[in-house]
Each structure stands twice: as C-alpha cells, then as structure tokens.
Amino acid sequence: MMMNAQPPPGVPVADDAVADRIDVALVRRLVAEQFPRWADLPIGPVAVDGWDNRTFHLGEEMSVRLPSGAGYALQVAKEQRWLPVLGPQLPVQVPTPLGHGRPGAGYPYPWSVYRWIDGRTAHAERIDDLTRFSTDLAAFLRALRGVDATDGPAAGPHSAWRGGPLSTYDAETRAAIETHRDRVPVDVVTGIWQAALDATWTGPAVWFHGDVADGNLLVRDGRLAAVIDFGCSGVGDPACDTVIAWTLLHGPSRATFRAALGLDDATWARGRGWALWKALITLDSGDPAKAEWAGRVLGELLAEHSVAR
C-alpha cells in the first residue's frame with residue numbers, strides 16, 4: 001500500500017468499486033458467456049488470494065484471474081503473450097494460459113484462465129532447506145534472464161516500474177523516511193537509499209519477474225516447485241528480483257543466493273534499495289502482520305549494513 005495520497009506516476013492501483021463486485025457469481029457469468037465448454041465446472045475462491053488480481057478455482061485443473069484495476073489489466077495481454085514463450089525455458093512450473101477473457105457481465109477488464117498449479121506459498125516453515133531453496137530460486141532467475149529479451153516489454157506502468165530506475169520512487173521513499181524518522185535511523189536508511197540510486201544499471205536488458213515474493217513462490221515437498229504471477233514481469237534491470245534476499249532468505253541462504261546469481265555490488269545495492277522502499281511504504285499499511293513484516297525486513301537491511309561497514 002502507498003503512503004502518499006497519490007502513487008508515483010504509472011503505478012497500478014485497485015479500483016475498489018470493481019474489486020468489491022468480483023465474486024463467484026460474476027466469474028460464473030463470465031465463464032458461461034465466453035467459455036461455455038467450462039460453464040458446468042464448479043467455481044470457488046482460492047485459499048490465499050491477492051488484491052491486485054482476484055483468483056478463483058475453475059474445476060479442479062484451472063483457475064480464473066481477474067484484475068482489480070485498469071493498471072493491473074495492462075498485465076493480462078502481456079502474460080498471455082509471453083508466458084507460453086517463457087515457460088518451456090524455465091526449470092520450474094509457471095502459469096499456463098488456457099483462455100483470454102474479455103470485458104463482460106458488467107466487468108470492465110480483460111481476464112485470464114490458467115492451468116491450476118498445486119503448491120503452497122513459500123513460508124519459511126514449509127521449506128526443508130532454505131539454502132537449497134535459494135540455489136533453486138537462483139537457477140530459475142538465471143534461466144529467466146537467459147531467455148531472449150528481443151521484443152520483450154520494457155519496464156513501465158505495466159510492471160509498476162520494476163525493471164526500471166529506482167528514481168521513480170525517490171520522492172515516495174524520502175517522504176517515508178521522514179514520516180518514520182522516530183522509528184528508523186534516518187541517516188543510515190537515507191545512505192542505503194542513496195547508494196541504491198547511485199548504483200547505476202548499465203547492463204543489457206534481460207527478463208525479470210518483478211515480484212519474487214514468498215506469495216508468488218510455491219513449494220511442494222519442501223522444495224521450490226513453481227513461480228506464479230508474472231504481472232510485473234518485463235525486460236530491463238533484474239535487480240528488483242533480488243528483494244527476496246532480505247524478505248525470506250538470511251545468513252547462509254542469502255549468501256548462497258547472491259553467489260549463485262553472480263551479483264555484483266551495484267546490482268546488490270539496487271536490490272537492497274527495492275527492499276528498503278517496499279518495507280518503508282508497508283510500515284503504515286494498517287495491517288499489523290504487514291507492519292511486522294516491514295519491520296523485520298528493515299531489521300535485516302540494517303543488520304547487513306552494520307556488518308558491511
């Protein structure tokens with residue numbers, strides 16, 4: 001959630017009026033109108049849902065995903081176009097589009113039907129070996145970055161500027177630092193942020209996922225099995241995909257992740273900046289669990305900074 005009254009330019013936001021109308025009945029109408037061959041299948045909410053997109057089971061082998069705002073709707077055609085290209089070149093499962101829905105039944109955006117992927121979100125207690133998990137995740141990201149980026153979608157509003165310059169969020173981050181000056185060491189976090197801005201990206205454009213978070217990583221039998229939600233994906237600077245190093249990994253698993261990806265100091269600094277931005281804007285989310293998460297991530301960033309000095 002954004003702390004400012006207005007998000008940075010081009011950043012998607014949910015349309016509450018639309019999101020509040022997304023329910024089983026709406027999905028049933030859309031499927032019946034546009035995919036009648038699936039009209040008799042049962043429809044129900046998923047156990048863990050998001051706000052950017054709302055997801056529903058369609059039978060036992062499919063899911064329906066509906067954007068909650070116009071900005072998120074920009075991501076539908078991108079996923080439909082590129083997931084069939086990316087999927088065969090990646091070492092774990094990713095979503096497979098089965099249907100491309102259009103606006104209808106009073107719902108204003110395009111939407112998608114995907115093949116269902118079994119798995120549980122990657123909470124630490126569900127992972128057998130975090131260091132091995134970090135190695136598997138790094139292998140996925142290396143494979144993603146190795147896919148031909150020709151004609152891939154450059155970072156922009158569709159990716160919430162993941163893959164683009166951190167400066168998009170400069171004003172918001174500095175405002176968040178000021179807002180929380182009684183909770184964070186201002187000089188230290190400002191230094192971390194400035195170092196991230198100064199670590200200019202000069203490499204070739206490569207594929208990035210854009211939201212490598214525990215909720216988008218699925219595990220089976222304690223190991224990484226799938227990566228979902230490519231809505232923020234694109235072609236650009238892959239530093240945003242390292243945020244997981246501070247949000248889930250720690251100690252040896254973090255060091256293994258960095259080594260397995262072969263990350264230089266500049267990319268690591270930009271990734272740290274992405275993690276700092278996310279943590280700062282989440283401190284005032286209004287959700288105690290999210291605020292606790294943000295505080296923990298800030299603690300990891302500050303501890304790493306202290307060790308590096």
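The structure displayed is predicted, hence computed values, not measured ones.
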Does either side chain, that of [X] or that of [Y], offer a donor lying less than 3.5 Å from an acceptor on the other one?
X    : Y    : result
R258 : S134 : no
D241 : W274 : no
R132 : T135 : no
D52  : Y72  : yes

Give a yes or no on whether [X] atom [atom1] has more than 12 heavy-atom contacts from other residues, nucleotides or ligands under 6.0 Å away.
X    : atom1 : result
Q89  : CD    : yes
R142 : CZ    : yes
D187 : CG    : no

Would a single hydrophobic cluster contain both [Y] and [X], if residues Ile, Leu, Val, Met, Phe, Trp and Tyr are joined by side-chain heavy-atom contacts under 4.5 Å?
X    : Y    : answer
L141 : L130 : yes
W116 : Y114 : no
I117 : L58  : no
L248 : L301 : yes
V27  : L98  : yes

Kindly indicate whether the side chain of [X], heavy atoms from C-beta on, has any atom under 4.5 Å from the side chain of [Y].
X    : Y    : result
V212 : N216 : no
I281 : Y169 : no
L302 : P185 : yes
T179 : L283 : no
V18  : Y107 : yes
L90  : F140 : yes
R145 : L261 : yes
V92  : D136 : no

Determine whether a donor-acceptor pair (N or O, by modelled atom type, separation under 3.5 Å) exists between the side chain of [X] and the backbone of [Y].
X    : Y    : value
T242 : A239 : yes
W111 : P103 : no
T190 : V186 : yes
R21  : G106 : yes
R54  : A19  : yes
H209 : P238 : no
Q80  : G99  : yes
R254 : L249 : yes

How far does [atom1] of [X] sit from [atom2] of [Y], to the nearest 0.5 angstrom?
X    : Y    : atom1 : atom2 : value
D118 : E60  : CG    : CD    : 10.0 Å
D265 : R270 : CG    : CZ    : 11.0 Å
L30  : W38  : CG    : CH2   : 13.0 Å
D287 : T282 : CG    : OG1   : 10.0 Å
L224 : Q93  : CG    : CD    : 10.5 Å
R29  : L26  : CZ    : CG    : 5.0 Å

Minimal non-hydrogen separation, [X] against [Y], with atom names:
X    : Y    : answer
A32  : A39  : CA-CB, 4.0 Å
F208 : C232 : CE1-O, 3.1 Å
G164 : A155 : N-CB, 3.5 Å
P153 : K78  : CG-CD, 3.7 Å

Discussion item. Apply side chain to side chain contact (heavy atoms under 4.5 Å, CB included) to residues L217 and F133 and explain how you reach the verdict.
Written reply: CA-CA 10 Å; L217 306 175; F133 180 90; 3.9 Å; yes

Item to complete: Would you check if the distance from the ring center of W246 to the ring center of W277 is below 6.0 Å?
Response: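 Between W277 and W246, which both carry aromatic rings, the centre distance is not below 6.0 Å.
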
According to side chain to side chain donor-acceptor pair (under 3.5 Å), who are the partners of [X], at least two apart in sequence or on a separate chain?
X    : answer
D148 : T150
Q34  : none
W207 : none
D129 : none

Worksheet entry | Stepwise side chain to side chain contact (heavy atoms under 4.5 Å, CB included) check, L276 with L298 | CA-CA 7 Å; L276 177 65; L298 283 170; 3.6 Å; yes

Worksheet item: Does anything in residues 202-222 pair up under salt bridge (charged side-chain N to carboxylate O under 4.0 Å, His left out), and if so which pairs, sequence neighbours excluded?
Response: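 Applying salt bridge (charged side-chain N to carboxylate O under 4.0 Å, His left out) to every pair that reaches into residues 202-222, excluding sequence neighbours, yields nothing.
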
Item to complete: Hydrophobic side-chain clustering at under 4.5 Å (ILVMFWY, transitive links): who's grouped with W201? Put none if nobody.
Response: none

Item to complete: Evaluate the criterion side chain to side chain contact (heavy atoms under 4.5 Å, CB included) for residue pair R174 and Q194; output intermediate values, then yes/no.
Response: CA-CA 10 Å; R174 293 184 189 278; Q194 189 60 53; 2.6 Å; yes

Item to complete: Show your working on side chain to side chain contact (heavy atoms under 4.5 Å, CB included) between L41 and M62 and close with a plain yes or no.
Response: CA-CA 10 Å; L41 294 176; M62 293 180 288; 3.4 Å; yes

Practice prompt. Take W193 and D170 through the test side-chain hydrogen bond (donor to acceptor under 3.5 Å, both in side chains) and record every step on the way to the result.
Written response: CA-CA 8 Å; W193 179 248; D170 187 34; 2.7 Å; yes

